[in-house]
Amino acid sequence: MLHKCPICKTPTDSTVHGDFPFCSERCRDRDLGNWATEKYVVSEPIFNEDDLEEIEASRKTIILDLDEPNDAGH
């Protein structure tokens, strides 16, 4: 697969570069540093908050008693 390094724009090839899609370990580390210093951010919520409330309302809690075996054969 041919691609350009997201950091330095050098052409990369997945069959040649072990750090694909980056051209080198240096560019891969720079990208990681950009995430760590919050240079990159996710600008839009992944989900709608109304959807989250609906999901939480539909959750069920199951309580297991770990002191008693649930299978008499074991």
Side-chain angles (χ1 to χ4, degrees):
M1 173 188 249
L2 299 175
H3 191 49
K4 287 189 178 182
C5 176
I7 300 297
C8 70
K9 308 301 181 215
T10 300
T12 60
D13 184 348
S14 62
T15 59
V16 177
H17 297 95
D19 294 303
F20 186 82
F22 306 100
C23 66
S24 66
E25 184 178 358
R26 178 179 175 269
C27 284
R28 186 184 62 193
D29 289 344
R30 283 188 59 202
D31 184 71
L32 180 60
N34 288 340
W35 282 104
T37 59
E38 297 182 0
K39 183 175 179 182
Y40 300 151
V41 294
V42 178
S43 59
E44 295 183 21
I46 298 172
F47 53 85
N48 184 334
E49 289 193 26
D50 295 335
D51 294 342
L52 180 61
E53 290 173 6
E54 191 176 303
I55 291 168
E56 288 179 352
S58 68
R59 284 187 178 176
K60 296 179 182 178
T61 301
I62 299 173
I63 300 173
L64 299 175
D65 186 354
L66 300 178
D67 294 330
E68 294 183 23
N70 60 356
D71 186 4
H74 291 270

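Note that the structure is predicted; figures quoted are calculated from it, not measured.
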Got a second to check how far [X]'s [atom1] is from [Y]'s [atom2], nearest 0.5 Å?
| X | Y | atom1 | atom2 | result |
| --- | --- | --- | --- | --- |
| His17 | Thr10 | NE2 | OG1 | 8.0 Å |
| Glu25 | Leu32 | CD | CG | 11.0 Å |
| Met1 | Thr15 | CE | OG1 | 11.5 Å |

**Complete:** Applying side-chain hydrogen bond (donor to acceptor under 3.5 Å, both in side chains) to Asp29 and not counting sequence neighbours gives none
**Request:** For residues Cys23 and Cys5, report the shortest heavy-atom separation together with the two atoms involved.
**Result:** N-SG, 3.6 Å
**Asked** Sequence neighbours excluded, which residues qualify as salt bridge (Lys or Arg N to Asp or Glu O under 4.0 Å) partners of Asp19?
**Response** Arg28
**Item:** Residues forming a salt bridge (Lys or Arg N to Asp or Glu O under 4.0 Å) with Glu38, sequence neighbours excluded
**Value:** none
**Prompt:** Taking only residues two or more places apart in sequence or in another chain, which ones pass side-chain contact (heavy atoms from CB on, under 4.5 Å) with Lys39?
**Reply:** Asn34, Thr37
**Prompt:** If you group Ile, Leu, Val, Met, Phe, Trp and Tyr whenever their side-chain heavy atoms sit less than 4.5 Å apart, what else falls in with Ile7?
**Reply:** Phe22, Trp35, Tyr40
